[in-house]
Amino acid sequence: MYRNITDRKKKAWALTKNIISSKWNTSLFSTSTPYPNLLAPLELGHTTLRNRVLMGSMHTGLEEASGLFTTAKLDEMAVFYAERAKGMVGLIVTGGISPNNAGKGYFGAAKMSTGAEAERHKVVTNAVHEHGGKIAMQILHTGRYAYHFNPVSASAIKSPIGWYKPKALSSTEVENTIDDFVRCSELAKSAGYDGVEIMGSEGYFINQFIVSRTNKRTDKWGGSYENRIRLPIEVVKRVRQAVGKDFIIIYRLSMLDLVEGGSSWPEVVELAHKIEAAGASIINTGIGWHEARVPTIATMVPRGAFTWVTEKLKKEVSIPLCTTNRINMPAVAESVLASGAADMISMARPFLADPHFVKKAMENRSDEINTCIGCNQACLDHIFVSKRASCLVNPIAAHETTLKLALVAASKVQRIAVVGAGPAGLAFSTAAAKRGHLVTLFDKESEIGGQFNMAKLVPGKEEFYETLRYFKKQLELNKVSVQLGKSVQESDLKEFDSVVVATGVLPRNVRIPRREGDSGRVNVVSYVDVLKGGAHVGNRVAVIGAGGIGFDVSDFLTHPHTAHEGVRDATVMTSVDSVAVNDFLTEWGIDHEVSAAGGLVPKGSSKTALLQVPRKVYLLQRKEGKLGGGLGKTTGWIHRTTMKKREVEELSGCSYIEINDEGLVIERKKKQQTLPVDTVVICAGQESLKSLYSALTTKENSTKKQKLFLIGGAQEAGELDAKRAIDQGTRLAAVVEDANTGDVFEAPIGLIPKTMKFFTELMRK
């Protein structure tokens, strides 16, 4: 009864219109929506979800409130989820809450095992219900993934990404842990939650019992597959018995482990059948263990790359199936549902980027959605160092109570000039104008975007097209005066109350001498020439500089399709690109047929054949040590693995001696060698472009009442840090009328990340 969306469309649509006309939604809604499947209600028997959108679980740090051992209220968490409920999400799932101390992810992580802890959550559930939303609490036992001194698991096998070898639980302790899951579910219901999600995937505790990779037990909880899946079945069965029929139980099922020794497809199907029989309301898709060496959610993963997995299981069960991973726009979500691949769409990070994603889709305003670009920089990268999660394109996320764009008082409205339409300038301009300031945005280029216009050309970073589409629309909606193709002089800025300089960066030049008599056969270009200028690049290339730009350029030059197809504009991607998905699966050794346990193509199989790489690339850096050490916490390994797959030769500790007709001469370990290249690409960092700022701060100008600010790359060059640039621009815009010349506003760093950094460094000693 749940699977045939098309047959139920008329009934569902009538119910949708009833729901959206209720007290919690007074917005206009077009019956000509292009997303009828996405916005159709979902009947669960005892309750109805207002649409097919599930806000997937993601840890934000709000679960722990304000400190390591806090008993503070969860007011910030309440505001965070209320904003998403206001944005018309069908069902929200919280970040993981442990059922006991052993299951906590790290020191001070959230748990729910007492009535007092449950009581604190009522402010969260009440806030969501006030806006007509529904919310489930994820119960997460991390098992051997715990970052504390006493992890537990099925067997005493250390995780490759953990701190300590876990203790293997006794049979009695397993039973006690099941009781803890049940108790946690009962407490969640008492706290006002509409359901729970039982985390059985991603390599966490329950998943560790399911697979032979981590379960070497010989009692009733190990050995045969029937025994290994006893734990998840008992958890779901006993939770259902405890909470009754009028409570949502989502089970997060690992459908594709992407590790050796994982579950086979017949085993996945068997578990799905038994989880349904045990009383689950919804099965949510889990893809990949955290220790898997396959990207699953990062931006280089094509949109909807794993929806085929959910579709494969859909014919096996009768309860609703939810698909997930890299679905970030309504059109793609709609196409997945329309194809019959799933009954619901789970999106997590897209609701960091835009809490009103669903509401905008309902109102035919998808062009106003701030799209998740899948970068991980401000969400997962933060969480894995215990910082509060946020979003690169929306720094207000998870900071709703402290970073507000309130309307400015009429008496404080300012005329503000912003010089530079890159990430920082765009963020400031749109936020300040939204508050009511009169903003004029200047840029010498003919289009907005700055460095984003190069980033969007890198394979796997097509989502920056969406970011530029979003900012362009926001400039229009907030009536920012945009003056492009204009090099600004001091005289152009005299009539403004404040000037924000966001002029960005210039590539740092590295001068390598050419041998006397050299014919110039070897071409030397910058990354700007390559990505933006369309410079000719030969078949053998040396890339100088192994930071983020060096890796991006190397990716661009070695990508199988860049040479002849270029990069697609993400704004025209309205469905899953099967060609891109198949290429991704091939490159990363994922078996589309799931014929091997874990879903990986066996080593040596013909299916693992690499896609043709168009060039030979050498990636070089001056300092000794691993290349790409400064890349993202959760994505750096992906870039390094990609380079290895494409046979990019990585060389550290390089001195650049000269260029001659044979190539580039370098010195390493006191020995010279010539790299036989025809092109050298300089990616050796950037320098802040602040000449205008310097001119405006001269003695002659220092007595003016005009306020002056410097933000983004112009303030600090770094590694083209768009996260910092957008954050700085937004934070300045929130207080610009009261700020003083030269003020710079940065995101705060809390106590927990400082503590976790201390323990991490301690573990390395």
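- Contact check on Lys387 versus Asp381 returns no salt bridge, with no Lys/Arg side-chain nitrogen under 4.0 Å from an Asp/Glu carboxylate oxygen.
- Taking the side chain as every heavy atom from C-beta outward, Tyr465 and Leu468 never approach each other to under 4.5 Å.
- Listed by first and then second residue, the salt bridge (charged side-chain N to carboxylate O under 4.0 Å, His left out) pairs involving residues 396-409 are Arg84-Glu400 (not counting sequence neighbours).
- At distances below 3.5 Å, at least one donor-acceptor pair connects side-chain atoms of His382 with backbone N or O atoms of Arg388.
- Atom NZ in Lys690 sits 13.0 Å away from atom CG in Leu696 (nearest 0.5 Å).
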**Message:** As a quick check of understanding, evaluate side chain to side chain contact (heavy atoms under 4.5 Å, CB included) for Val541 and Val677, giving each step before the final call.
**Reply:** CA-CA 5 Å; Val541 185; Val677 300; 5.8 Å; no
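- Under the 4.5 Å side-chain criterion, counting only non-hydrogen atoms from C-beta, Asp492 is in contact with Lys486.
- Remark: Lys616 qualifies as a cation-pi partner of Tyr618 under the 6.0 Å distance and 45° angle criteria applied to the six-membered ring.
- The distance from the CG atom of Leu620 to the CD atom of Glu650 is 10.0 Å, given to the nearest 0.5 Å.
- For residues 495-506, the side-chain hydrogen bond (donor to acceptor under 3.5 Å, both in side chains) pairs, not counting sequence neighbours, are Gln414-Ser498, Arg415-Asp497.
- A side-chain donor-acceptor contact under 3.5 Å links Thr371 and Arg469.
- Using a 4.5 Å cut-off on side-chain heavy atoms (C-beta onward), Leu689 and Val505 make no contact.
- Using a 4.0 Å cut-off between a side-chain N of Lys or Arg and a carboxylate O of Asp or Glu, Lys412 and Asp738 qualify as a salt bridge.
- In this structure, NZ in Lys434 is found 10.5 Å from OG1 in Thr730, a value given to the nearest 0.5 Å.
- Taking CG of Leu392 as the start and CG of Leu352 as the end, the distance is 11.5 Å to the nearest 0.5 Å.
- At least one donor-acceptor pair closer than 3.5 Å links the side chain of Ser688 to the backbone N or O of Gly713.
- To the nearest 0.5 Å, the span separating OG1 on Thr641 from CZ on Arg293 amounts to 6.5 Å.
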**Message:** For Arg724 and Gln377: C-alpha separation, side-chain torsions, deciding distance, then whether side chain to side chain contact (heavy atoms under 4.5 Å, CB included) applies.
**Reply:** CA-CA 10 Å; Arg724 186 183 69 246; Gln377 290 182 35; over 6 Å; no
**Prompt:** Can Tyr693 and Val419 be said to form a side chain to side chain contact (heavy atoms under 4.5 Å, CB included), step by step?
**Reply:** CA-CA 10 Å; Tyr693 184 81; Val419 185; over 6 Å; no
**Message:** Test salt bridge (Lys or Arg N to Asp or Glu O under 4.0 Å) on Glu466 and Arg303; report intermediate values, then the result.
**Reply:** CA-CA 13 Å; Glu466 296 280 18; Arg303 288 181 176 181; 2.9 Å; yes
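- For the residue pair Thr635 and Asn376, no side-chain donor N or O sits within less than 3.5 Å of a side-chain acceptor on the partner.
- For the residue pair His356/Glu83, the side-chain donor-acceptor check at 3.5 Å is satisfied.
- When side chains are defined from C-beta on, Val744 does not count as touching Glu716, because their heavy atoms never get closer than 4.5 Å.
- Salt-bridge formation is detected for the pair Asp727/Arg731: a Lys NZ or Arg NE/NH1/NH2 atom is positioned less than 4.0 Å from an Asp or Glu carboxylate oxygen.
- By the 4.5 Å heavy-atom criterion applied to side chains, Arg615 and His559 are not counted as neighbours.
- The CG atom of Asp555 sits 6.0 Å away from the OG1 atom of Thr642 when rounded to the nearest 0.5 Å.
- Not one N or O on the side chain of Arg646 forms a donor-acceptor pair closer than 3.5 Å with the backbone of Val617.
- In this structure a side-chain-to-backbone donor-acceptor pair under 3.5 Å is present from Arg435 to Ala734.
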